[in-house]
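Note that the coordinates shown come from a computational prediction; the quantities given were computed from them, not determined experimentally. Below, each value reflects all heavy atoms present in this structure, side chains not excepted, and no hydrogens, waters or symmetry copies. Sequence positions, counted from 1, serve as the residue numbers for this chain.
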Amino acid sequence: AQTARVPLTNSKEDARAAWCGAHRLHSNALKSSTVNRDFGCASCDGGLQYQMVIRNGILRSVSQPSGAWKKELAARSKPSPSFSEDGSKYSPRLEKALARLDELVDWERSHRSVGENRLMRVSSSPCRDLLEKLGSPQKTLRTVHVTGSKGKGSVVALIASALQQEGFRTGCFCSPHVNRVNERVLIDLEECDDELFAKSLENILDVRAKHELQSCTWFDSLAGAGLALLAEEKVDWAIVEVGLGGRLDSTNVLDSEFCVITNIMLEHQAIIGPGRREIAYEKAGIIRRRGCSVVTGVQPSDSEVAGQIMKCAADAQALEPVFVPASNPSESFTEVNARIAATTLEEMGHRGIVSKRTGVALSGALINPDLRNRASRVLKGRMELFEYKGVPVVIDGAHVPESVRAAVSEAHVRGYAIGPQVLMIAVGSDKDEKAIALEAMEAQVPFHRIVATRIGESSRYTSSAQMKVAFDSQSCNTKVDAVENPIDAIERSVLAAKETNGYVLVVGSLHLAGVIREKLIRR
């Protein structure tokens, strides 16, 4: 092994890319190399010490020395949701409003389809009908509408953070929530106040009852209340995340000036599929406004999907889509999301949107490490770092094969501990657990243990035993435990991580993220 030095770089990603390139050139000469260097990291404040290990010309890991992850934890710390002494999450008034809301059909927590017999009603009309009775307040909003299979929430947080920094009053509507429903409606990146949210919900539910709009579901009513609230708060810009799909989603009551499609993966195939082309058609359905700007992380070389997006844009007489340049192989989803947000801000600048703070046109340069760090604190359950019994625990809501693989790889590259990863996973029954297991193993990350669990007793969730079979079928050499209860599973996972000075990554569902996150907060 040889030890080498590299020039100071601006980010961990720059250093990683530089060393990948350097060692490809020297792979025949260098069998193993280790490099230590201080450099700024986009996910934390200040410089941290990282170690890069490259063998046979291939980057094997980028890790923090023991204890360094605690600095990142402090830098990324987020306020805990307020739980009262009796364990309630909400004010009495909001509790009452949510009880009324929960009487409605909630497709987020129900079986959406069974074989060819689709059960889920998909339409934006009920939400539009609700809002029309209130005078269509959503029409007063200037909006950025964001859809895609992965990264929607992160892109929303990045754009909103940049706009707020430049003096705009921002509002966000996001879904799903992890612990508190208030997470779905943000005013200047802060969760909506209980009383304000309760008032908006009461208004929307009263309208539903008065006009007998029985087809309005839980999400229709919540989306209507959220958009009406943002309008009432007179935000300068609303950045809205699609719930599911796009064309028929409840949020598609907007005529947005800017539409973002992060990527297209196989997901919710029984509802918006079955193929990627059909999924692209549904997601591109948010392109409605003549002359609107369209930004997408889909590549033109992905002709079937890109062609569908271009056709939808042409049909709506929108501007020609802007395709974010392809990423390099070592780039993480976090980096890709940042470039999509940066490109969107560039487009806003090109369309004449100027900073209230400086009077200068908006640009992608606003997405810098400091802003990315602030944005990372907005969303819960997205590569979110906790400490439990002295062990780093990373929670991510990745739930499709590609995103699970990306989360596994990114956690490994961030190197939260000296030891290997313990993967804790649970998925919904509508997900392909074998494909998810295959992608997790394809990440080629050394696992010390895999702990399969289950989110709840409902048949909506894959059993821990079935998840274990999915990993065993991949000829997995790692021990796989099946622990049905997720609280028992996190205890088992942390215990296993302690054996090798490792860390735990929790993936598979934002519902699982919510259960584990609440456990770690309440401890």
Side-chain angles (χ1 to χ4, degrees), residues 77-82 89-91 93-95 97-98 101 127 130-131 134-146 152-205 219 221-243 250-251 253-254 256-258 260 341 344-345 348 353 355-357 362 366 371-382 384:
S77 61
K78 306 177 184 181
S80 301
S82 54
K89 300 179 185 179
Y90 308 109
S91 69
R93 183 179 180 183
L94 184 53
E95 285 271 16
L98 290 173
L101 183 68
C127 185
L130 267 178
L131 289 168
L134 291 174
S136 298
Q138 81 280 9
K139 291 184 178 181
T140 67
L141 294 169
R142 300 190 74 178
T143 54
V144 180
H145 207 176
V146 183
K152 299 187 295 295
S154 297
V155 170
V156 166
L158 286 163
I159 294 172
S161 296
L163 291 174
Q164 184 194 28
Q165 174 185 280
E166 297 310 300
F168 294 99
R169 181 167 172 78
T170 63
C172 300
F173 181 79
C174 309
S175 59
H177 64 277
V178 177
N179 289 119
R180 304 178 75 232
V181 72
N182 309 53
E183 297 164 25
R184 297 182 184 241
V185 182
L186 307 178
I187 307 294
D188 283 334
L189 302 179
E190 296 292 334
E191 291 180 15
C192 179
D193 173 76
D194 276 19
E195 297 306 300
L196 195 63
F197 202 3
K199 178 183 175 182
S200 189
L201 274 174
E202 289 165 355
N203 287 343
I204 227 65
L205 292 170
F219 188 70
S221 302
L222 186 67
L227 295 175
L229 193 156
L230 296 183
E232 184 177 345
E233 287 296 296
K234 295 180 169 40
V235 298
D236 297 314
W237 283 96
I239 305 88
V240 178
E241 177 182 359
V242 164
S250 303
T251 64
V253 294
L254 304 167
S256 299
E257 295 174 62
F258 299 91
V260 182
T344 304
L345 290 165
M348 294 180 78
I353 311 300
S355 167
K356 284 190 171 184
R357 182 174 63 87
L362 300 181
L366 294 171
L371 186 135
R372 288 171 57 182
N373 183 35
R374 293 198 302 275
S376 73
R377 304 175 191 178
V378 175
L379 296 175
K380 298 171 175 62
R382 277 80 163 186
E384 188 176 13

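- To the nearest 0.5 Å, the span separating NZ on Lys356 from CG on Leu163 amounts to 10.5 Å.
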How far apart are the C-alpha atoms of Val146 and Thr344, what are their side-chain angles, what is the distance that settles it, and do they pass the side-chain contact (heavy atoms from CB on, under 4.5 Å) test?
CA-CA 10 Å; Val146 183; Thr344 304; over 6 Å; no

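- Closest heavy-atom contact between Gly226 and Val185: CA-CG2, 3.9 Å.
- With a 4.5 Å cut-off on side-chain heavy atoms, Phe173 and Leu141 do not count as touching.
- Judged purely by atom type and a 3.5 angstrom limit, Ser200 uses its side chain to pair as donor or acceptor with the backbone of Ala225.
- The shortest distance between side-chain heavy atoms of Leu158 and Leu345 does not fall below 4.5 Å.
- The shortest distance between side-chain heavy atoms of Trp237 and Ile353 falls below 4.5 Å.
- Here the CG atom belonging to Leu130 is positioned 5.0 Å from the CD1 atom belonging to Ile204, to the nearest 0.5 angstrom.
- Considering only heavy atoms from C-beta on, Leu189 stays 4.5 Å or farther from Arg374 through its side chain.
- In this structure, CG on Leu254 lies 14.0 Å from CZ on Arg142, to the nearest 0.5 angstrom.
- The nearest pair of heavy atoms linking Gly243 to Ser175 is CA-OG, 3.5 Å.
- Taking NZ of Lys199 as the start and CD of Glu232 as the end, the distance is 5.0 Å to the nearest 0.5 Å.
- A distance-only check finds a donor-acceptor pair linking the side chain of Tyr90 to the backbone of Val181 [under 3.5 Å].
- A search for salt bridge (Lys or Arg N to Asp or Glu O under 4.0 Å) contacts involving Glu95 returns nothing, not counting sequence neighbours.
- With contacts defined as side-chain heavy-atom distances shorter than 4.5 Å, the pair Lys380/Glu191 qualifies.
- Nearest heavy-atom pair across Leu205 and Leu101 is CD1-N, 3.9 Å.
- In this structure, the side chains of Pro137 and Leu131 come closer than 4.5 Å at one or more pairs of heavy atoms.
- Looking only at side-chain heavy atoms (C-beta outward), Ile239 and Phe258 stay at 4.5 Å or farther from each other.
- When side chains are defined from C-beta on, His145 counts as touching Val242, because their heavy atoms get closer than 4.5 Å.
- Across all non-hydrogen atoms, the minimal contact from Ala97 to Leu201 is CB-CB, 4.1 Å.
- In terms of modelled atom types and a separation under 3.5 Å, the side chain of Glu183 and the main chain of Val178 share a donor-acceptor contact.
- The structure places NZ of Lys89 at 8.5 Å from CZ of Arg180, a figure rounded to the nearest 0.5 Å.
- Taking all atoms of both residues into account, the shortest heavy-atom contact from Leu186 to Leu230 is O-CD2, 3.9 Å.
- A donor-acceptor pair is defined here as one N or O able to donate and one able to accept, closer than 3.5 Å; such a pair exists between the side chain of Glu384 and the backbone of Gly381.
- Here the closest non-hydrogen pair linking Cys172 and Val156 is SG-CG1, 3.9 Å.
- Expressed to the nearest 0.5 Å, how far CD of Gln165 lies from CG of Leu362 amounts to 10.5 Å.
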Using the rule given for side-chain contact (heavy atoms from CB on, under 4.5 Å), can you reason through Leu229 versus Ile187, listing the C-alpha separation, both sets of side-chain angles and the distance that settles it, and then say yes or no?
CA-CA 10 Å; Leu229 193 156; Ile187 307 294; 4.0 Å; yes

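- Take Arg169 and apply the salt bridge (Lys or Arg N to Asp or Glu O under 4.0 Å) test, not counting sequence neighbours, and it matches Asp188, Glu233.
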